[in-house]
Amino acid sequence: MLSQNTNALGILFPNNYDNTIPEMVTDRAMASIPFGGRYRMIDFALSSMTNSGINNVSVIVRKNYHSLMDHLGAGREWDLARRRGGLNIWPPFADKGIKLYNSRVEAIVSIIHFLEYQKESYVVLSDTNLAVNVDYKEILAEHQKSGADITMLYYKTEIPSGRRNDNCTLTMDENGRVKQFYFNDYRPGIQNLNMNIYVMERTTLIRLIKDAASRGLINFEREVLGMHVDELDIRALEFKGYVAHICSMKSYFDENMKLIDEKNLDALFPKNNPIYTKLRDDNPTRYLPGSKVVNSLIADGCRIEGTVENCVLFRGVVVEKGAVVKNCVLMQDTVVQADANLSCVVTDKNVTVTANKSLSGTDSYPVYVAKRHVV
């Protein structure tokens, strides 16, 4: 994976939107949530950046970051294990300037001196609650062509039910300049939903953040962008690629299940822009005599002896003889023992469902089993 260096650095916020799916972030960040059989949510943002030649990426963590640091390591899988630039993880209290932040503005303030000494001309900011595959070279080219102060991405969708009280939508003029932000938009129908992905000059970001900090402003969208929409030239670009938006347990279940459809899988994982993740050298999945698998996405390292229908199985899942698993998302190293029956269930890592047990949810309310639990 060798990409031509892009004159931009990246900043990721792994803990934003932790509150939207509290069941899964008791001991991990939103960025660490497993997705799509073998990936973590941060893999999509990191891979998009490195595929676009952004080789200086900072991850500003707030809490529950042990799992994330274990996953990222030195960044080797994303070609970010470098002497200059590469992957920088900023935990709270790492030095006297880095505190426990409560907003995007406070997070950037904590690394403002680092930003001042970087050589890249542009900055890409991104959250990690979206599984998307973005070509930042195109975004940077459009940003430079327009001469805008800030370029942001949006996509057209109905407001997800999990974000009715936490969303930002946009209206633009015929040139794509943002005219108004709507916060906590409750309007029905298709809206222009902000993806919280921003491109701007590094000096512009430093100036905006220093100004906000001096006036006690903390909300980047509402107080930095929204209050200065008439002064700043903010352009919005529509993202027309595949978007998996994780904002609730139901959305997590739904977005994983959508990947069973090969069209969606190919849209999120195009061959020319692969998504990278931490390696785990497993054996190929074994399908033993008597097993039955229908319409499912199954990672490597699994052992299937029972029946699996319409499911997403992560690495190392075991479905023993006589077990029936339908419409489920089973994370890494889940074990479903003999003659158990699961329907519309999401299991976290290292869960064991003992023999002859039955768990059943619905499409609108899947049952969730927490990490390391035995049922």
Side-chain angles (χ1 to χ4, degrees), residues 1-15 28-95 97-98 107-108 110-128 130-137 139-140 197 199 202 269-282 299-301 314-315 332 349:
M1 176 179 46
L2 293 174
S3 299
Q4 183 178 357
N5 186 50
T6 299
N7 189 21
L9 60 88
I11 300 177
L12 299 180
F13 304 92
N15 291 105
R28 62 161 70 97
M30 166 63 78
S32 295
I33 291 178
F35 182 78
R38 60 189 301 232
Y39 302 93
R40 303 292 183 109
M41 290 301 295
I42 197 171
D43 292 340
F44 297 91
L46 268 183
S47 299
S48 293
M49 288 182 176
T50 55
N51 285 337
S52 301
I54 299 174
N55 300 317
N56 182 359
V57 181
S58 291
V59 182
I60 313 177
V61 297
R62 183 178 184 273
K63 62 178 182 179
N64 294 340
Y65 50 84
H66 179 270
S67 173
L68 180 63
M69 295 181 72
D70 177 69
H71 177 72
L72 295 178
R76 180 173 59 87
E77 285 81 1
W78 300 269
D79 194 27
L80 292 174
R82 296 165 175 259
R83 292 181 62 185
R84 296 182 180 178
L87 180 66
N88 303 287
I89 301 176
W90 299 90
F93 313 115
D95 62 40
I98 303 179
I108 300 172
S110 69
I111 65 165
I112 200 74
H113 297 301
F114 167 80
L115 292 176
E116 289 175 333
Y117 284 98
Q118 300 309 296
K119 296 181 179 180
E120 290 83 358
S121 299
Y122 297 94
V123 178
V124 178
L125 309 179
S126 177
D127 288 328
T128 56
L130 301 177
V132 293
N133 203 321
V134 181
D135 185 349
Y136 285 112
K137 288 183 179 179
I139 310 303
L140 284 161
I197 296 176
V199 175
R202 180 174 54 86
F269 300 95
K271 292 181 180 179
N272 59 328
N273 281 308
I275 302 298
Y276 306 97
T277 191
K278 181 181 179 180
L279 296 177
R280 172 172 155 167
D281 295 323
D282 277 321
D300 52 353
F314 286 67
R315 294 180 282 195
Q332 184 171 306
K349 294 171 61 177

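We count residues from 1, following the sequence as given. Model, not experiment: these values are computed from the prediction.
- Looking only at distances, a side-chain donor or acceptor of Asn7 sits under 3.5 Å from a matching main-chain atom of Ser121.
- At least one donor-acceptor pair closer than 3.5 Å links the side chain of Arg202 to the backbone N or O of Leu115.
- Closest approach of Trp78 and Leu72 over heavy atoms only: CZ3-O, 3.7 Å.
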Can Ser67 and Arg40 be said to form a side chain to side chain donor-acceptor pair (under 3.5 Å), step by step?
CA-CA 10 Å; Ser67 173; Arg40 303 292 183 109; 3.3 Å; yes

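- Note that CG of Asp282 and CG of Asp300 are 5.0 Å apart. Values are rounded to the nearest 0.5 Å.
- Across all their heavy atoms, Leu12 and Ala45 have their closest contact at CD2-CB, 3.8 Å.
- Between Ser52 and Ser48, the shortest heavy-atom contact is OG-O, 2.8 Å.
- Ion pairing of Asp70 with Lys278 is present here, as a side-chain N (NZ or NE/NH1/NH2) and a carboxylate O approach within less than 4.0 Å.
- In this structure the side chain of His71 reaches within 4.5 angstrom of the side chain of Asp43, judged on heavy atoms.
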Side chain to side chain contact (heavy atoms under 4.5 Å, CB included) assessment of Arg28 paired with Ile33
CA-CA 7 Å; Arg28 62 161 70 97; Ile33 291 178; 3.9 Å; yes

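- In this structure, the side chains of Gln332 and Arg280 come closer than 4.5 Å at one or more pairs of heavy atoms.
- Closest approach of Gly36 and Phe314 over heavy atoms only: N-CZ, 3.8 Å.
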For Leu125 and Val199, what are the C-alpha separation, side-chain angles and deciding distance, and is it a side chain to side chain contact (heavy atoms under 4.5 Å, CB included)?
CA-CA 7 Å; Leu125 309 179; Val199 175; over 6 Å; no

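- When atom types are taken as modelled, the side chain of Asn15 and the backbone of Val61 share no donor-acceptor pair closer than 3.5 angstrom.
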Kindly determine whether Ile89 and Tyr65 satisfy side chain to side chain contact (heavy atoms under 4.5 Å, CB included), including the steps that lead there.
CA-CA 10 Å; Ile89 301 176; Tyr65 50 84; 5.9 Å; no

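- If you take CD1 on Ile54 and OG1 on Thr6, they are separated by 6.0 Å, rounding to the nearest 0.5 Å.
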Check against ring-ring contact (aromatic ring centres under 6.0 Å, His included), Phe269 and Tyr39
CA-CA 11 Å; Phe269 300 95; Tyr39 302 93; 5.0 Å; yes

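- We find the OH-CD1 distance between Tyr136 and Ile139 to be 8.0 Å, quoted to the nearest 0.5 Å.
- No donor-acceptor pair closer than 3.5 Å links the side chain of Asn55 to the backbone N or O of Leu80.
- Comment: Asp79 engages Arg82 in a salt bridge, judged by a side-chain N to carboxylate O separation of less than 4.0 angstrom.
- At least one donor-acceptor pair under 3.5 Å links the side chain of Thr50 to the backbone N or O of Leu46.
- At least one side-chain heavy atom of Met49 sits under 4.5 Å from a side-chain heavy atom of Ser126.
- For Ser47 (side chain) and Ile275 (main-chain N/O), no donor-acceptor pair under 3.5 Å exists by modelled atom type.
- Put simply, the side chain of Asn88 does not reach to within 4.5 Å of the side chain of Val59, judged on heavy atoms.
- Side-chain contact, Asn272 with Asn51: no donor N or O sits under 3.5 Å from an acceptor N or O.
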With side chain to side chain contact (heavy atoms under 4.5 Å, CB included) as the test, would you mind laying out the steps for Tyr122 and Leu140 before giving the verdict?
CA-CA 8 Å; Tyr122 297 94; Leu140 284 161; 3.9 Å; yes

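- Atoms OG1 and CZ, on Thr277 and Phe44 in that order, are 8.5 Å from each other to the nearest 0.5 Å.
- Once rounded to the nearest 0.5 Å, the distance linking CD1 of Ile111 with CD1 of Ile60 reads 3.5 Å.
- Smallest separation of non-hydrogen atoms from Glu77 and Tyr276: O-CB, 3.6 Å.
- The pair Asp135-Lys137 fails the salt-bridge criterion, with no side-chain N (NZ, NE, NH1 or NH2) lying under 4.0 Å from an Asp/Glu carboxylate O.
- One finds the CG atom of Asn133 at 5.0 Å from the CG atom of Asn273 (value rounded to the nearest 0.5 Å).
- There is a side-chain donor-acceptor pair under 3.5 Å between Ser58 and Trp90.
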